[in-house]
Amino acid sequence: SWSITEDLLTFKAKANFDTGNLHGNVGVQVVSQRQSSDGLRINQTVSPIAISPSHISDAYTDVLPSLNMYYDLGGGHRLRLAAAKVMARPRMDDMRANFTPSYSNPCASGGSSNVNCLPGGTVHPWSASGGNPSLQPWRAKSLDLSYEWYISKASYISVAGFYKWLDNYIYNQTLVADFSGFPVPPTATPLPTGVTGSPIGTLTAPANGKGGNVRGVEVSGALEFGKITSMLDG
């Protein structure tokens with residue numbers, strides 16, 4: 001019921017440097033992205049199913065510089081610093097150009113105790129879930145600092161701290177939607193006499209939020225078992 005097209009063009013360059021005990025590289029990526037989605041806005045609650053086509057597209061460019069370097073303290077000990085502007089593409093199905101509505105009678109199955117289900121009341125039985133063809137990637141600025149001890153060829157210990165400043169992120173947003181024109185499914189339990197069913201409901205779809213941070217500390221390591229006993233060499 002939907003399709004997505006992505007065209008990604010990436011230019012990249014990197015330069016290495018070595019000066020004394022300091023080693024590393026600087027680089028940059030320029031990512032040009034075009035995306036579009038063809039979808040069917042589907043009403044599965046009626047027979048025959050009501051369908052209307054939709055086509056939505058978007059385009060944007062990201063410039064992503066990066067720095068990665070380490071200072072050799074000797075004896076297998078290193079300090080490493082990394083800084084970059086980074087991004088992560090949205091999930092494919094989050095960019096679909098369709099939504100599927102549903103109808104749920106809030107006065108059925110014991111819901112009659114709801115004050116809105118009394119004569120003169122108004123209920124909102126419509127809801128839907130869908131995608132966002134204009135959804136853009138997660139974007140952040142990232143800083144990592146670590147201490148690394150390379151004990152042998154296959155053994156090491158590392159303690160790293162990281163901090164990411166989020167420029168935007170992806171979350172599920174609930175929007176008000178108008179379902180006028182969608183017929184009530186014939187299998188739905190009728191609303192009580194005197195109760196009005198509003199065509200205004202909610203649509204849940206992914207959206208881009210702004211701001212925030214992610215931070216933490218990682219401890220990692222590997223142990224070469226051959227250092228314990230030669231029987232475990234390799």
Side-chain angles (χ1 to χ4, degrees), residues 2-35 60-96 131-132 135-172 206-234:
W2 51 270
S3 65
I4 292 175
T5 300
E6 289 183 300
D7 292 315
L8 304 173
L9 182 61
T10 303
F11 301 91
K12 56 186 177 180
K14 185 181 76 168
N16 297 321
F17 59 85
D18 284 285
T19 171
N21 292 335
L22 186 64
H23 316 273
N25 60 70
V26 292
V28 65
Q29 291 190 73
V30 179
V31 185
S32 175
Q33 300 156 94
R34 290 183 297 164
Q35 63 193 44
Y60 42 89
T61 299
D62 286 280
V63 179
L64 308 172
S66 64
L67 166 69
N68 181 24
M69 62 183 183
Y70 72 89
Y71 187 83
D72 195 340
L73 299 171
H77 299 274
R78 291 179 178 179
L79 289 177
R80 184 181 301 275
L81 173 69
K85 188 175 180 181
V86 297
M87 64 170 237
R89 297 282 293 157
R91 277 175 40 147
M92 201 61 107
D93 58 332
D94 280 347
M95 296 187 292
R96 67 192 186 277
N132 180 357
L135 196 63
Q136 297 202 10
W138 288 71
R139 293 189 177 100
K141 299 175 184 71
S142 176
L143 180 66
D144 297 80
L145 179 64
S146 65
Y147 161 75
E148 304 164 352
W149 178 23
Y150 295 91
I151 303 167
S152 63
K153 286 184 178 180
S155 299
Y156 79 94
I157 295 172
S158 172
V159 180
F162 62 88
Y163 197 103
K164 298 182 189 300
W165 292 266
L166 297 179
D167 297 321
N168 66 350
Y169 60 96
I170 295 173
Y171 72 106
N172 283 328
N208 288 115
K210 294 186 179 298
N213 60 74
V214 179
R215 61 185 184 272
V217 176
E218 295 177 332
V219 179
S220 61
L223 175 62
E224 185 180 359
F225 286 170
K227 293 294 182 181
I228 301 174
T229 170
S230 59
M231 294 175 60
L232 298 175
D233 248 347

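Counting heavy atoms from C-beta on, the side chains of Asn208 and Tyr169 never come closer than 4.5 Å. Under the 4.5 Å side-chain criterion, counting only non-hydrogen atoms from C-beta, Asp62 is not in contact with Val30. Contact of the Asp93 side chain with the Trp2 side chain is registered, since non-hydrogen atoms from C-beta on lie closer than 4.5 Å. A 4.5 Å side-chain heavy-atom check between Val86 and Leu64 finds every atom pair outside the cut-off. Leu135 is listed as a side-chain neighbour of Ile170, based on a closest heavy-atom distance under 4.5 Å. Within the 4.5 Å cutoff, the side chain of Val26 has heavy atoms near those of the Phe17 side chain.
Rounding to the nearest 0.5 Å places OH of Tyr156 at 10.5 Å from CD1 of Ile151. The line from OH of Tyr60 to CE of Met87 is 6.5 Å long, rounded to the nearest 0.5 Å. To the nearest 0.5 angstrom, Ser146 atom OG is 6.0 Å from Arg80 atom CZ. Distance check, rounded to the nearest 0.5 Å: CG of Asp233 to CE of Met231 gives 11.0 Å.
Residues Glu218 and Ser220 bring no donor and acceptor atom of their side chains to less than 3.5 Å of each other. For the residue pair Ser142/Asp144, the side-chain donor-acceptor check at 3.5 Å is satisfied. Side-chain N/O atoms of Ser152 and Glu224 include a donor and acceptor closer than 3.5 Å.
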Per-pair distances, 0.1 Å, donor-acceptor, side chain in residues 65-78, under 3.5 Å, sequence neighbours excluded:
from	atom 1	to	atom 2	distance (Å)
Asp72	OD1	Gly74	N	2.9
His77	ND1	Tyr147	OH	2.6

Please tabulate, for side-chain N and O atoms in residues 3-16, each donor-acceptor pair with protein atoms closer than 3.5 Å (sequence neighbours left out).
from	atom 1	to	atom 2	distance (Å)
Glu6	OE2	Arg89	NE	3.2
Glu6	OE2	Arg89	NH2	2.3

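For the side-chain contact (heavy atoms from CB on, under 4.5 Å) criterion with Phe162, the lone passing option out of Leu145, Val214, Val217 is Val214. Partner of Asp167 under the side-chain hydrogen bond (donor to acceptor under 3.5 Å, both in side chains) criterion, chosen from Gln136, Lys141, Arg139: Lys141.
More than 12 non-hydrogen atoms from other residues, nucleotides or ligands lie less than 6.0 angstrom from CH2 of Trp165. Under a cut-off of 6.0 angstrom, the local environment of CZ in Phe225 is sparse, with at most 12 non-hydrogen atoms contributed by other residues, nucleotides or ligands.
Considering every non-hydrogen atom in both Asn132 and Pro206, the closest pair reads ND2-O, 3.1 Å.
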